[in-house]
Amino acid sequence: MIPFGQLTAFGLPFVQVAAFGLVIAMLALFMWGRLRYDLVAMLILLAAAILGVVNPKHAFVGFSNPVIIIIASVLIVSKAISKSGVLNGMMSALMSRVSSTSGQVGMLTAFVTFLSAFIKNVGTLGIFMPVAMETAKRSGRSPSIYLMPLAFGSLIGGTITKIGTSPNLLISEVRVQNGAAEPFALFDFLWVGLPLSIAAILFLMVGWRLVPQRVPAAKPGDSGGAHYTTELRVLAGSPLIGKQISEIETLADGDLVVTSIIRDNGHQYFPSRSWILYEGDIIAVRADPKAAATVVDKAKLQIVGVDELEAPEGGHPELEILEAVVTEDSPLVGNTPQAMRLRRRYDVNLLAISRAGHQIATRIGHHRFKPGDVIVFQGWSERLPAAMQELGCLPLADRGLSGLGRQRQGLLSLAVLGLSIVLISLKLVPVDVGFFGAAVLILLFKQLSLKEAYEAIEWPVIIMLGCLIPVGEGLKETGATDVVAQVLSTWATNMPGIYALGMMLVASMILTPFLHHAAAVLVLGPVAAVLATNLGYNIDPFLMAVALGCACDFLTPIGHQNNLLVMGPGGYRFFDYWRLGLPLSIIIAVGGTLLIAYVWPLQ
């Protein structure tokens, strides 16, 4: 730590100015998006320790915080349940009996919402996205109708329990840091989160009509209408040799657009429709997979990348094509297919790529992956699940691989989760011990291998939280939160208490899209506690408002990865989220303020 002593700036002690500077820098880096959130957190912690905002002796206490243990344990349990496929099978059977759109949206959203109270919300979304896509195909409706309500349901469902979302866990620690004898209990959030979740489900059952259906309605056997960029090679004997580019578009009945031609040792051209095609040309096209397949069959073309994969030994292996979406923590993010050497390292071929709202201008091999990209893989059926897991991709189709054995494993995992919840509810064990025990039992009963368990833990999130927890405590100890709270107090002095509470909730909802929801809690939580104290109110309702606001980002695809994951498959654009998200945010803001004030009295 550099000894800045009693230096002052802008009439404030230097350490407070440094604290505000770190918060501004953190916000700017998160909004810039060039550095991943865990690296941003590491930089902020390092700067905080150097500048004296965090005592260097306490710089790494965040990694021993019970929140870290709880999140890692819940991720392991959630992975075991999702891997089994037991919930997919149950849900698919129920959805086949519902025909109305509102009923289908309501049932899917309800299941995701209530499961997100106990299973990591990204996990529940991954479980039910294939079910939603299959429902859309079976019903002949656009997947856009189902996916955004599904993502929003997974977010609001996390507010029901302490473990449902990171903001609830973190605000419990902020409560202890501000003098409470103990953190919030597992079901302290229930009386606010459950009514709001029910209200959200009812709204989404009718509100789906506000969602633009940019992806055409699918039919059984169709790809769902998503338009991918793929590359087709002109083979010897193709009837397109010597013909104009317009001929290939005509073969697809207008459902295919040529974006570029690669020839002359890999040079990429952007031709007119009158260009002549030659043997060996690589044609980059934008089309839905069905149209591309039709052209390949009719014109004797080959999808670039469909090379021979080494067949696994024994059995009767089958090649399979699978659509998947790139998650935020995927090793693909920031890399290109060439750099990842997908065929050599993962035994898969990359056939096509799609990004919502963007036309891919580069060659597929040079495309740099981003979270939310939808990609088409080819691989051996028995190897694809492991490859998807290693690549951090969520499949968009239920591959029907669960089987009776895995479903029994899923029931055992559910039983372990249920036992831990009962023990915690009866206060026989603390929350961290209860879920740590559940994770250990999952491994003991071989529901997951050790390798799978370590892969299930979202290490970037763990690193980010471990770094930001001491930073949040440092903001409080330096008095920076007192300064902000004092300014807010002057505005809210003559304001009714419920308005001040609503202001805190809305401020949290506004800040979260620009700052990671966990970071927003650690910044705003201490401010809310001091504000409540200055106004003469209990701190609990204000802490609850911060947790709720930071958990509910429905306005953008960037505030939470669940919103981003459905962007590609749903064909959404950035401002599409406002159409459904704004009225839902108003419901949460108004209803949440009233419920918090009723359940957690201000005085």
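Model, not experiment: these values are computed from the prediction. We're numbering straight along the sequence, starting at 1.
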Salt bridge check: are K162 and D188 linked by an N-O gap of less than 4.0 Å?
-> no
Here the gap from M464 atom CE to I44 atom CD1, rounded to the nearest 0.5 Å, amounts to 12.5 Å
What class does the angle between the rings of F187 and F118 fall in, given that below 30° is parallel, 30 to 60° is tilted and above 60° is perpendicular?
-> perpendicular
Could you give me the CA-CA distance, side-chain angles and deciding distance for I160 and F189, then say whether side chain to side chain contact (heavy atoms under 4.5 Å, CB included) is met?
-> CA-CA 5 Å; I160 297 175; F189 300 85; over 6 Å; no
Nearest heavy-atom pair of L505 and T593: which atoms, and what distance?
-> CD2-OG1, 3.5 Å
Measure across P430 and I424 and return the closest heavy-atom pair with its distance rounded to 0.1 Å.
-> O-CG1, 4.0 Å
Describe, in one word, how the ring planes of H516 and F30 are oriented to each other, choosing from parallel (under 30°), tilted (30 to 60°) and perpendicular (over 60°).
-> tilted
Starting at CG of D373, measure out to CG of L332 and round the result to the nearest 0.5 Å.
-> 9.0 Å
Would you say the side-chain atoms of R286 pair up with the backbone N or O of Y228, donor to acceptor, closer than 3.5 Å?
-> no
In this structure, OH of Y37 is separated from CE of M42 (nearest 0.5 Å) by 11.0 Å
Hey, are the side chains of W491 and L488 touching, using non-hydrogen atoms and a 4.5 Å cut-off?
-> yes
Check whether any side-chain heavy atom of E477 sits under 4.5 Å from a side-chain heavy atom of P526, and report yes or no.
-> no
If you look at every heavy atom in M509 and C552, which pair is closest and at what distance?
-> CE-O, 3.8 Å
Is there a donor-acceptor pair under 3.5 Å between the side chain of R175 and the backbone N or O of E182?
-> yes
Just wondering, more than 12 heavy atoms not from F574 lying within 6.0 Å of its CZ?
-> yes
Can you tell me how far the CD1 atom of I498 sits from the OH atom of Y598, to the nearest 0.5 Å?
-> 13.0 Å
Would you say the side chains of S154 and T124 form a donor-acceptor pair under 3.5 Å?
-> no
Quick one: does L417's side chain get under 4.5 Å of S420's, heavy atoms only?
-> yes
Determine yes or no for a side-chain-to-main-chain donor-acceptor pair under 3.5 angstrom, with N563 supplying the side chain and H560 the backbone.
-> no
Close side-chain approach of E328 to V122, heavy-atom, < 4.5 Å | no
Exam field: side chain Q104 to backbone M95, donor-acceptor pair closer than 3.5 Å = no
Working for side chain to side chain contact (heavy atoms under 4.5 Å, CB included), residues L186 and S425 = CA-CA 7 Å; L186 180 64; S425 302; 4.1 Å; yes
Main-chain N/O of L155 paired to N121 side chain as donor or acceptor, under 3.5 Å | no
Under 3.5 Å, is there a donor-acceptor pair linking the side chains of D553 and T512?
-> no
Begin from the C-alpha positions of M567 and L564 and carry the test side chain to side chain contact (heavy atoms under 4.5 Å, CB included) through to its verdict.
-> CA-CA 5 Å; M567 189 178 186; L564 186 59; 4.2 Å; yes
Any side-chain heavy atom of L125 sitting closer than 4.5 Å to one from V566?
-> yes
Can you measure from CG (L524) to SG (C550) and round to the nearest 0.5 angstrom?
-> 5.5 Å
Taking every heavy atom of L475 against every heavy atom of V53, the minimum-distance pair comes out as N-CG1, 4.5 Å
Starting from the C-alpha separation in whole Å, work towards a yes-or-no answer on side chain to side chain contact (heavy atoms under 4.5 Å, CB included) for N168 and F184.
-> CA-CA 9 Å; N168 287 1; F184 289 116; over 6 Å; no
Should I596 and M504 count as side-chain neighbours, where that means a heavy-atom distance under 4.5 Å?
-> no
Student check: side-chain heavy atoms of I462 and I71 closer than 4.5 Å = yes
Please check if the side chain of W600 supplies one atom and the backbone of A597 the other of a donor-acceptor pair under 3.5 Å.
-> no
N/O donor-acceptor pair under 3.5 Å between S82 side chain and K79 backbone = yes
Smallest separation among heavy atoms of K370 and V333, with atom names | C-CG2, 4.4 Å
Give a yes/no verdict on a cation-pi contact between R141 and Y146, requiring under 6.0 Å between NZ or CZ and the six-membered ring centre and an angle within 45° of the axis.
-> no
Criterion side chain to side chain contact (heavy atoms under 4.5 Å, CB included) against I539, the qualifying member of T533, V174, V530 = T533
Minimum-distance pair of heavy atoms, taken over all atoms of I68 and L465 = CD1-CB, 3.8 Å
Could you give the distance from NZ (K476) to CG (D482), rounded to the nearest 0.5 Å?
-> 8.0 Å
With distance as the sole test, does T478 use its side chain to make a donor-acceptor pair with the main-chain N or O of Q16 at under 3.5 Å?
-> no
Heavy-atom check, side chain of E173 versus side chain of N65, under 4.5 Å = yes
Would you say the side-chain atoms of T165 pair up with the backbone N or O of T159, donor to acceptor, closer than 3.5 Å?
-> no
Are any side-chain N or O atoms of T327 and backbone N or O atoms of G392, one a donor and one an acceptor, separated by less than 3.5 Å?
-> yes
